[in-house]
Amino acid sequence: MRLTSSIITHEKQEICRISKQFSKNFQTREIIQGGRLLQILQNALIPALLAGISLYALCKGVDVFPTFLRGAAVGLKTAVQILPVMVGMLTVVFMLRASGAVDIAASVLAPALRILGIPKECTALTLLKPISGGGGLAMGSEIIRRCGPDSYAGRVAAVMLGASETSLYTISVYSGHLGLNRTRYAVFAALCGDLAAFTASAALVRIYFPYS
């Protein structure tokens, strides 16, 4: 009787193991297929968009190529006008990082940001990302490399990079191009938006990855 019960228990365990393995393989296959489909859509998106715009312009009787050349000329003129502002901002960002000012400010603000759930490893990222996209990306990569991609700080840094904007950089570039001396509430509103994005990033990581 005991032998029969042991055999039945062993068979149940084997069935459960096979079922879990099949489910895991099926999920892995679905993820791979979904990734391939997403890659195909990404590769086809830009050509489809360009073709759609060109066809729409032809249907409306717009001369596409001369219009494209005029737009390119205006874009090049705009790039030349904002180049001094971009050089100035990049110089400021490099000086802040090289002088250690970002690290000092991060150590001062870390206790306050910890109340919002932002880990101390990501404090410097919250200061650098609104100023420089490249600097923020480098800082985020360093956090992920140092803490690990599956750590709480690594996941928060990754979500922060995707959820926030280089607000101060953008405002300075467009204000310099338009000749604006007063931005009124633009800077304050942009920084509030970035703070909300950083806080939401930490909260969502805690919700979706509670054991990280």
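- Here the closest non-hydrogen pair linking A163 and A197 is O-CB, 3.5 Å.
- Under the 4.5 Å side-chain heavy-atom criterion for grouping Ile, Leu, Val, Met, Phe, Trp and Tyr, V62 is not connected to L58 through any hydrophobic cluster.
- By the rule that hydrophobic residues join a cluster once side-chain heavy atoms approach within less than 4.5 Å of another member, M160 and Y208 end up as members of one cluster.
- Separation of atoms CG (L137) and OG (S141) is listed at 4.5 Å; rounding is to 0.5 Å.
- Connection of Y152 to I207 is established within a shared hydrophobic cluster, with ILVMFWY side chains joined at heavy-atom distances below 4.5 Å, either directly or through further cluster members.
- The cluster map of Ile, Leu, Val, Met, Phe, Trp and Tyr, joined by side-chain heavy atoms under 4.5 Å apart, puts I144 and L125 in different clusters.
- How far CG of L195 is from CG of L113: 7.5 Å, rounded to the nearest 0.5 Å.
- Separating the OG atom in S132 from the CG atom in L127 is a distance of 13.0 Å, to the nearest 0.5 Å.
- Between P130 and L191, the shortest heavy-atom distance links the atoms CB-CD2, 4.5 Å.
- Note that CZ of F68 and CD1 of I53 are 11.5 Å apart. Values are rounded to the nearest 0.5 Å.
- D194 is not listed as a side-chain neighbour of T126, based on a closest heavy-atom distance of 4.5 Å or more.
- Considering every non-hydrogen atom in both L116 and A202, the closest pair reads O-CB, 4.4 Å.
- Heavy-atom minimum distance, V156 versus C122: CG1-SG, 4.1 Å.
- Side-chain heavy atoms closer than 4.5 Å link hydrophobic residues (I, L, V, M, F, W, Y) into clusters, and following such links, even through other members, never connects Y56 to F65.
- Residues L128 and G135 come closest through the heavy atom pair CD2-O, 3.3 Å.
- A donor-acceptor pair is defined here as one N or O able to donate and one able to accept, closer than 3.5 Å; such a pair exists between the side chain of K129 and the backbone of L161.
- Contact detail for A190 and I171: the closest heavy-atom pair is CB-CD1, 3.8 Å.
- A donor-acceptor pair is defined here as one N or O able to donate and one able to accept, closer than 3.5 Å; such a pair exists between the side chain of S107 and the backbone of I104.
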